[in-house]
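All remarks here apply to the structure that follows.
Numbered from 1 within each chain, the chains take letters A, B, ... in sequence-line order.
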2 protein chains.
Amino acid sequence: MKQEKLLRRALEDNGSRVTQPRLVVFRLLQEHGLQSIAELISRSSGTVDRVSVYRVIELFEKLGIVRRVTIGWKYKLELSEIFLDHHHHITCLSCNKVVAVKEDEKLEKVIDRLADGTGFSLSSHQLELQGHCKTCRERSTTLQSS
Amino acid sequence: MKQEKLLRRALEDNGSRVTQPRLVVFRLLQEHGLQSIAELISRSSGTVDRVSVYRVIELFEKLGIVRRVTIGWKYKLELSEIFLDHHHHITCLSCNKVVAVKEDEKLEKVIDRLADGTGFSLSSHQLELQGHCKTCRERSTTLQSS
DNA sequence: AACTAAATGCAACAAAATTGCAAGTATAAC
DNA sequence: GTTATACTTGCAATTTTGTTGCATTTAGTT
């Protein structure tokens, strides 16, 4: 189904209206993917007020339309699993590029077993990775050899 | 080795002094474990200034004495792997209790393989879990049956 | 005990997020 | 298509969180 239709339905099911600010923020998330609230605010400035961006995101989170992702101790926002498949992120410590990492069945199993040991029932999990991307590794080798 | 000795060494190796504020913050981290910076500030108020708590934490992070942990989109602080063994956290969505989950060799392997697929070399990772603790699950069952 | 560089506390500032309220607008009923 | 109205928005003000500059204090050395 077209993503915007899913959005409309999620809003209507909650008795919430489909407004300009909500559409603007949604489209920015579609277009630019993972981004900070500051980026959302700046990209929508002139059209949508700062405060409204905060409020739209708050609603979207409550309705499961967006999720927060921690990247280097700041959070960023991206469309939820209704719109994108379950994944995690790896950040390059040299160039700060962030790449999605697909969730893998084995990972799920291992995490389930980890949780078992605690007596908790498991509802959700987030994994964040850091490392160095291929480009940066190659560049640093080149520089060293010169 | 006694933990405070490790702290002294870490500071001295860096040419940093062993001061009252640093000892106070360190002992709070030992005594209360994982906590927010607001909790650290409040627990040390009267003895240590707000700003100094920030500065001590900044230094401790740089020296690898503390690490930041994301819990529910806010970070908390705890002593690093020099003082505690490598672990993650699971939070109860009902009562907000946070419990440590030991890192497991299988998890490490699965994560290593995940990273392989991206072309990144892996430096570090964080895993955060959410669920419901035994106590809360039992309580909610009791309430339903009455 | 005196010296000195490092660290602290205070005040001021900057950034990020929240709240209250009057004005605007999306939806449903006519 | 108009109208009514409850939901939303934008603005201003405030709160919370984190940072900076500088005079004073203090840890560690001589």
Inset, instruction - Could you check which residues of residues 60-74 of chain B get a heavy atom under 4.0 Å from DNA chain C? Sort them by number, please. - result: none
Legend entry - Close residues, residues 25-37 of chain A, relative to DNA chain D [heavy-atom separation under 4.0 Å]: none
Legend entry - Side chains of B/H132 and B/S94, donor plus acceptor under 3.5 Å: yes
Inset, instruction - Would you mind building the protein contact string for nucleotides 21-30 of chain D? One character per nucleotide, 5' to 3', B for base within reach (heavy atoms under 4.0 Å), S for sugar-phosphate only, - for untouched. - result: B----BBS--
Legend entry - Pairwise 5' ranking along DNA chain D for A/R50 and A/P21, keeping only the more 5' one: A/P21
Legend entry - Partners meeting salt bridge (Lys or Arg N to Asp or Glu O under 4.0 Å) with A/R27 (sequence neighbours left out): A/E4
Inset, instruction - Find the distance between CD (A/E81) and OG (A/S124) and round it off to the nearest 0.5 Å. - result: 9.0 Å
Inset, instruction - State, to 0.1 Å, how close B/A115 and A/I90 come at their nearest heavy-atom pair, and which atoms those are. - result: CB-CD1, 4.4 Å
Inset, instruction - Calculate the interatomic distance between A/I41 atom CD1 and D/dT9 atom C1'; express it in whole Å. - result: 15 Å
Inset, instruction - Mark yes or no for whether A/R137, through its side chain, and B/G119, through its backbone, hold a donor-acceptor pair below 3.5 Å. - result: yes
Legend entry - For chain A, the stretch of DNA chain C it reaches, first to last nucleotide, under 4.0 Å of its heavy atoms: C/dA16 to C/dT27
Inset, instruction - Using a cut-off of strictly less than 4.0 Å, decide whether A/R22 has a side-chain nitrogen or oxygen near OP1 or OP2 of D/dT9. - result: yes
Legend entry - Minimum side-chain heavy-atom gap B/T19-B/V56 below 4.5 Å: no
Legend entry - Heavy-atom closest pair, residues A/V25 and A/F60: CG1-CE2, 4.2 Å
Legend entry - pair A/L63-A/L11: side-chain heavy atoms closer than 4.5 Å: yes
Legend entry - salt bridge (Lys or Arg N to Asp or Glu O under 4.0 Å) against A/E78, all qualifying residues, sequence neighbours excluded: A/R67
Inset, instruction - List in chain and number order the residues that pass ring-ring contact (aromatic ring centres under 6.0 Å, His included) with B/F120, two or more places apart in sequence or in another chain; answer none if no residue qualifies. - result: none
Legend entry - Atom pair distance, as rounded to whole Å: CG in A/L23 and P in D/dT9: 10 Å
Legend entry - From A/T91 atom OG1 to A/E128 atom CD, the distance as rounded to the nearest 0.5 Å: 5.5 Å
Legend entry - side-chain hydrogen bond (donor to acceptor under 3.5 Å, both in side chains) pairs, two or more places apart, involving residues 28-41 of chain B: B/Q3-B/Q30, B/Q35-B/R43, B/S36-B/E39
Inset, instruction - Output all residues satisfying side-chain contact (heavy atoms from CB on, under 4.5 Å) with A/S45, sequence neighbours left out; order by chain, then residue number. - result: none
Legend entry - Axis-to-axis angle between the two ends of the helix from C/dA1-D/dT30 to C/dC30-D/dG1 (five base pairs per end, rounded to 10 degrees): 40°
Legend entry - Where at least one partner belongs to residues 49-63 of chain B, residue pairs that pass salt bridge (charged side-chain N to carboxylate O under 4.0 Å, His left out), sequence neighbours excluded: B/E61-B/R68
Inset, instruction - Report the hydrophobic cluster partners of A/W73, with the cluster defined as I, L, V, M, F, W, Y residues connected by side-chain heavy atoms closer than 4.5 angstrom, directly or transitively. - result: none
